[in-house]
Amino acid sequence: MSLTVYNYLTRQKEPFEPLEPGRVYMYVCGPTVYDHAHIGHAKLYVAMDVVVRYLRFLGYKVRYVQNITDVGHLLDTGEDRIVKGARRERVEPMELVEIYTRSYFEDMDALGVVRPNISPRASCHIPEQIEMIKTLLEKGYAYEVDGNVYFSVEKFPEYGKLSGRKVEELEPGARVAVREEKRHPADFALWKKAEPEHILRWPSPWGWGYPGWHIECSAMATKYLGETFDIHGGGLENIFPHNECEIAQSEAATGKPFARYWILVGSLTVDGVKMSKSLGNVIRIKDALKRNRPEAIRTLILSAHYRGPMDYTEKAMQAAERGVERLHNTVRAVRLRLRDASPEGEPEPDVAEVLDAHRRAFTEAMDDDFNTPRALAALYELAREVNKWLDGGRDLTPASLAAIDTTFRELGGQVLGIIPDKLAPTGVEEETLAGLVEIILAIREEYRKAKDWARSDELRDRLAELGIVVEDRPEGPTWRLER
RNA sequence: GGCGACGUAGCCAAGGGGUAAGGCAGGGGUCUGCAAAACCCUUAUUCGCCGGUUCGAGUCCGGCCGUCGCCUCCA
């Protein structure tokens with residue numbers, strides 16, 4: 001069985017074969033950094049994160065590029081989002097960009113999203129963008145009007161091949177007034193003239209201005225991944241016009257195919273409707289993380305297929321929280337038994353067999369267009385098998401326990417990112433906490449030996465009030481923090 | 001209006017011609033000093049609706065209904 005991916009370009013599942021054996025070159029449209037990231041970003045970037053993690057798990061060397069958009073995205077008013085945000089917060093545009101770039105990485109780190117190999121900023125690649133625009137002008141795919149440069153969609157017959165739109169069907173100027181100077185309503189800006197009061201602007205062959213909204217991705221993807229590369233990822237809502245324009249610009253400029261596989265992620269709604277500031281239902285990642293552990297947020301996202309839509313509800317979030325907790329409980333119990341053992345030799349045959357079967361189910365699911373819900377199911381089923389051994393009083397050998405732990409570590413940890421390497425609390429403060437809890441539990445054990453249930457229960461209850469859940473297992477008491 | 005996605009149990013969600021994965025919640029048990037955790041059993045004669053193809057259809061075809069998204073900055 002080998003990896004199959006759904007390619008939006010062909011609208012079908014295809015065997016995945018990178019251009020260069022063993023290497024994958026991948027680009028994903030990154031955020032515009034003018035505000036804190038929300039759970040919609042989380043869905044997209046966690047989904048892409050798992051794609052990258054799985055490719056690496058399969059042994060590919062992946063170069064993952066994800067841009068930071070810090071210029072060029074315009075509001076309806078024609079105003080740059082960054083410029084507007086800067087005015088709102090009374091900071092320099094680049095200061096605003098810095099604030100929210102840091103915030104973005106902070107959130108992604110917290111969610112366990114592995115960092116891209118390169119996070120290029122649009123504002124740092126103005127020369128590359130200008131070069132590409134020059135090429136497009138030279139080749140006759142673009143035209144200049146009074147300091148503005150537009151891409152001529154009629155010159156590129158394949159325009160629409162990704163999104164399935166046809167130029168003729170595009171309704172001209174639904175809300176934004178059609179600019180007189182454009183030859184065709186669907187033509188889009190490559191470079192826009194900036195008035196002197198516009199803060200974000202650069203010199204160009206066409207005078208002072210700033211790049212249009214799609215050109216950065218074309219220029220940076222080409223620069224770091226080559227003219228043709230393997231995977232382009234992004235949110236489905238950006239398929240048109242953004243992704244479509246990227247293809248047009250890039251292929252017109254280079255004369256070569258742009259991305260070979262398009263992997264697009266379905267959108268997220270909250271309680272059935274799209275998040276928007278006007279509705280006031282935007283859930284920031286930072287707020288979600290206050291209520292739910294990162295593994296639970298990832299589990300919720302991965303419990304549905306990446307291509308489909310997802311509706312975020314508190315109920316679904318809770319279900320994910322409880323589900324991932326069960327997985328954690330199993331792994332914690334395995335590690336507890338393994339604590340003082342030296343795992344040498346081979347796992348017991350029947351254990352190895354069960355592990356192999358579930359590993360196979362997991363990889364088969366992932367090979368089928370990253371079917372994380374099915375992969376997750378394999379993990380849950382494995383957890384049940386392991387729990388049966390654990391609670392059935394079976395004396396698993398250290399080698400078996402280690403093999404179980406490794407399986408969860410690799411599939412649940414390395415690939416899905418929902419099982420941390422350390423489930424016991426870590427860090428200086430938490431080490432102190434851990435020490436204190438151990439002391440209290442030792443005292444409680446004294447009470448329990450003396451069958452002083454009243455005192456024993458009181459300790460457990462009071463710990464529970466602090467969110468510390470005590471469990472009396474055959475191998476001794478354990479505890480965990482519950483939110 | 002055009003384009004697209006989706007509609008499977010109380011909730012989330014796989015499955016895409018061969019007789020409904022998994023998770024959460026609920027019910028009943030086992031274990032426990034009591035719990036918790038865990039395990040076992042249980043919860044869709046049925047997959048939005050109506051037709052059609054087929055020996056056989058959540059699964060394919062046609063129509064209808066509904067939800068959401070995009071077409072305009074958005075991940």
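Convention: sequence-line order gives letters A, B, ...; per-chain numbering from 1.
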Participant: Roughly how many Å is it from CG in A:Leu302 to C1' in B:A14, rounded to a whole number?
Facilitator: 14 Å
Participant: Without swapping roles, check the side chain of A:Asn67 against the backbone of A:Gly30 for a donor-acceptor pair under 3.5 Å.
Facilitator: yes
Participant: Could you state the atom-to-atom distance from CG of A:Asp70 to P of B:C74 in whole Å?
Facilitator: 14 Å
Participant: Give a yes/no answer on whether the side chain of A:Thr32 brings an N or O atom under 4.0 Å of OP1 or OP2 in B:A75.
Facilitator: yes
Participant: What is the glycosidic conformation of B:G58: syn, defined as within 90° of 0, or anti?
Facilitator: syn
Participant: So, is A:Asn243 near the phosphate of B:A75, with a side-chain N or O under 4.0 Å from OP1 or OP2?
Facilitator: no
Participant: Taking the minimum atom-to-atom distance to the side chain of A:Val469, which one of B:C74, B:A36, B:A38 wins?
Facilitator: B:A36
Participant: Hunt down the Watson-Crick or G-U wobble partner of B:G2, both distances under 3.5 Å, from any strand shown, or write none.
Facilitator: B:C70
Participant: May I ask you to decide whether A:Arg448 forms a salt bridge with A:Glu445, counting only side-chain N to carboxylate O separations under 4.0 Å?
Facilitator: yes
Participant: Does any pair with a residue in residues 379-391 of chain A pass side-chain hydrogen bond (donor to acceptor under 3.5 Å, both in side chains), and if so which ones, sequence neighbours excluded?
Facilitator: A:Thr330-A:Asn387
Participant: Could you state the CD1-C1' distance from A:Ile239 to B:C73, rounded to the nearest angstrom?
Facilitator: 18 Å
Participant: Expressed in angstrom and rounded to an integer, what is the separation of A:Lys388 atom NZ from B:A37 atom C1'?
Facilitator: 17 Å
Participant: I want to verify a distance call: between B:C71, B:A37, B:A75, whose nearest atom is closest to the A:His41 side chain?
Facilitator: B:A75
Participant: Using a heavy-atom cut-off of under 4.0 Å over every strand shown, decide if A:Leu236 touches base, sugar-phosphate, or nothing.
Facilitator: nothing
Participant: Of the listed nucleotides (B:A75, B:A13, B:A38), which one gets closest to any side-chain atom of A:Pro373?
Facilitator: B:A13
Participant: What's A:Asn371 touching, base or sugar-phosphate or nothing? Going by heavy atoms closer than 4.0 Å.
Facilitator: sugar-phosphate
Participant: Expressed in angstrom and rounded to an integer, what is the separation of A:Asp35 atom CG from B:C73 atom C1'?
Facilitator: 13 Å
Participant: B:C74 base to A:Lys274 side chain: any donor-acceptor pair below 3.5 Å?
Facilitator: yes
Participant: Between B:G66 and B:G26, how far is it from one P atom to the other, in whole Å?
Facilitator: 35 Å
Participant: Below the 4.0 Å mark, does B:A75 have OP1 or OP2 next to a side-chain nitrogen or oxygen of A:Asn238?
Facilitator: no
Participant: Using atom P of each nucleotide, how far apart are B:A20 and B:A9 to the nearest Å?
Facilitator: 16 Å
Participant: Taking atom types as modelled and ignoring hydrogens, do the side chains of A:Tyr6 and A:His305 form a donor-acceptor contact shorter than 3.5 angstrom?
Facilitator: no
Participant: Indicate, yes or no, whether a donor-acceptor pair under 3.5 Å links the base of B:C34 to the side chain of A:Arg460.
Facilitator: yes
Participant: When the C1' atoms of B:C60 and B:G17 are compared, how many Å lie between them, rounded to an integer?
Facilitator: 7 Å
Participant: State, yes or no, whether a side-chain contact exists between A:Glu89 and A:Leu96 at a heavy-atom distance under 4.5 Å.
Facilitator: yes
Participant: Roughly, in whole Å, what's the span from CE in A:Met317 to P in B:A13?
Facilitator: 14 Å
Participant: Give one of base, sugar-phosphate or nothing for A:Gln318, where a contact means two heavy atoms less than 4.0 Å apart.
Facilitator: nothing
Participant: Check the distance between B:G10's P and A:Arg322's CZ and give it to me in whole angstrom.
Facilitator: 21 Å
Participant: Which whole-number value in Å describes the distance from A:Asp457 CG to B:A35 P?
Facilitator: 10 Å
Participant: Excluding sequence neighbours, so at least two apart, what forms ring-ring contact (aromatic ring centres under 6.0 Å, His included) with A:Phe258?
Facilitator: A:Phe229, A:His232
Participant: With a 3.5 Å cut-off and heavy atoms only, can you find an N or O donor on one side and an acceptor on the other between the side chain of A:Arg384 and the base of B:C39?
Facilitator: no
Participant: Please pick, from B:G22, B:A75, B:A14, the nucleotide with the shortest atom-to-atom distance to any side-chain atom of A:Met275.
Facilitator: B:A75
